[in-house]
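A short write-up of the structure that comes next.
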Protein chains: 2
Amino acid sequence: MLQFTKRTEYALIALVHLVDRRGEFVSARELADRYPVPPRLVAEVLKELQREGLVDSQRGAAGGYALARPAADITLAEIVTVLEGAPLLTSCDTGFAGTAGSCEVEPTCPIRSPIHRVRDRIRDVLSHVTLESLAHPNALPMVTPTENR
Amino acid sequence: MLQFTKRTEYALIALVHLVDRRGEFVSARELADRYPVPPRLVAEVLKELQREGLVDSQRGAAGGYALARPAADITLAEIVTVLEGAPLLTSCDTGFAGTAGSCEVEPTCPIRSPIHRVRDRIRDVLSHVTLESLAHPNALPMVTPTENR
DNA sequence: CCAAAGGGCACCGATTTGGTGCTATTTGGG
DNA sequence: CCCAAATAGCACCAAATCGGTGCCCTTTGG
Ligand code: SF4
Ligand code: SF4
């Protein structure tokens with residue numbers, strides 16, 4: 001459906017919030033208090049981000065989550081890949097590795113190659129959006145590669 | 001899930017095939033014979049494309065479908081919009097019209113604006129891929145606006 | 001007049017998505 | 001020393017979406 005899942009959006013909200021608390025450990029509860037999001041779901045998403053190494057976690061009373069790396073080094077492409085999996089646009093050939101194409105059309109598919117080119121372009125867009133640029137949109141000019149119209 | 005639906009893929013396969021038959025009316029059956037796709041589904045998709053004015057249809061014995069406009073004037077963005085709806089990336093503010101944001105977070109959402117910028121970039125990518133460029137990938141250099149890496 | 005084709009629309013099973021329940025473990029502070 | 005707060009893990013469910021069919025009607029060329 002060419003749309004982010006709510007999980008991804010919640011992750012982005014949480015991660016952007018973490019950018020402001022550089023280094024500090026922020027609890028899932030604090031996030032749920034600040035934004036009208038389902039507390040448990042945000043917690044679940046943060047756990048997943050921890051498992052994948054995007055954030056560090058500290059347990060116990062004063063625990064919480066913090067970015068595992070500088071905000072400028074974490075890309076939107078990476079976040080999406082962690083939460084929704086790599087395959088973009090088509091179900092064949094994820095482009096990264098594994099999950100061999102289970103599509104019946106693949107051998108004679110006339111759009112596979114061109115669509116994959118489009119997919120790569122979209123991945124490029126997502127790869128050039130960093131957490132830093134999401135948190136402070138006005139800071140960087142966002143590279144502005146497309147010069148259309 | 002940031003992935004096209006099968007309906008969209010079948011539409012693209014069909015439309016690309018229509019490009020080669022410039023002007024001729026091609027039946028859904030012919031398409032299903034040529035590619036291993038569910039005949040009925042392809043037919044259903046073509047009907048939808050007809051309703052939205054992307055293809056012309058002719059009924060009766062020698063009937064079928066043909067492109068309603070030059071292949072160079074039909075963009076991937078348009079096709080996707082017809083089959084999957086306009087909203088891209090987020091569920092708030094489709095960016096085109098209507099469907100007022102039903103998201104609870106919207107008033108205080110910190111990622112809405114930046115994400116919409118990304119969404120617009122992706123729409124740009126899809127808007128610059130024409131049916132012509134999908135059918136004959138080597139003909140045009142595909143504009144190549146992004147000059148990364 | 002009939003077979004081949006499209007038009008309309010409802011419907012179903014499988015998958016995905018959004019969200020919750022429950023329990024265990026860690027840990028700082030009173 | 002113990003409890004409240006917090007993460008870790010994992011199962012589970014309801015709703016939405018998606019892939020695909022069934023059924024019947026209308027058009028039209030041979
Ligand atoms: S092979 Fe063609 S139809 Fe099958 S998933 Fe890839 S692009 Fe889509
Ligand atoms: S308001 Fe924020 S959370 Fe809600 S849909 Fe838009 S971007 Fe996503």
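So that the names make sense, note that chain A is the first sequence line, chain B the second, and so on, each numbered from 1. The structure presented is a predicted model; accordingly, all values stated were derived computationally and were not measured. Hydrogens, waters and symmetry mates play no part in the numbers below; they use all other heavy atoms, side chains included.
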* Stretch residues 20-34 of chain B: residues that reach within less than 4.0 Å of DNA chain D through a heavy atom -> none
* Asked: Going by number, which of residues 39-53 of chain B have a non-hydrogen atom under 4.0 Å from DNA chain D?
  -> B/Arg40, B/Leu41
* Asked: How would you label the contact of B/Tyr10 with the nucleic acid (heavy atoms, under 4.0 Å): base, sugar-phosphate, or nothing?
  ->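 Sugar-phosphate: the residue B/Tyr10, judged by heavy atoms under 4.0 Å, touches backbone atoms but no base.
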* CG-CG distance between A/Leu18 and A/Leu31, expressed to the nearest 0.5 angstrom -> 6.0 Å
* Structure fact -> d(B/Tyr10 OH, B/Leu49 CG) to nearest 0.5 Å is 14.5 Å
* Asked: Do you see a donor-acceptor pair shorter than 3.5 Å between the side chains of B/His116 and B/Thr90?
  ->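 Yes, side-chain donor-acceptor contact under 3.5 Å.
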* Sequence neighbours excluded, which residues qualify as salt bridge (charged side-chain N to carboxylate O under 4.0 Å, His left out) partners of B/Glu44? -> B/Arg40, B/Lys47
* To do: Apply salt bridge (Lys or Arg N to Asp or Glu O under 4.0 Å) to A/Lys6 and A/Glu84, showing your working.
  => CA-CA 11 Å; A/Lys6 282 289 184 190; A/Glu84 311 189 7; over 6 Å; no
* Asked: For B/Arg69, does the CZ atom sit with more than 12 other heavy atoms under 6.0 Å from it, leaving out its own atoms?
  -> yes
Could you go over nucleotides 16-18 of chain D and give all protein N or O partners under 3.5 Å, atom names and distances?
none

* Asked: When you match B/Gln58 and A/Thr8 each to their closest nucleotide on DNA chain C, which lands nearer the 5' end?
  ->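 First, find each residue's nearest nucleotide; the 5'-ward one identifies B/Gln58.
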Which atoms of nucleotides 23-26 of chain C (N or O only) lie under 3.5 Å from a protein N or O atom, and what are those distances?
{"from": "C/dT25", "atom 1": "O2", "to": "A/Arg59", "atom 2": "NH2", "distance (Å)": "3.0"}
{"from": "C/dT26", "atom 1": "O2", "to": "A/Gly60", "atom 2": "N", "distance (Å)": "3.3"}

* Has A/Ser57 got a side-chain N or O lying under 4.0 Å from the OP1 or OP2 atom of D/dA6? -> no
* **Partner residues of A/Phe25 under the ring-ring contact (aromatic ring centres under 6.0 Å, His included) criterion, sequence neighbours left out** =>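 Per chain and number, A/Phe25 pairs via ring-ring contact (aromatic ring centres under 6.0 Å, His included) with no residue.
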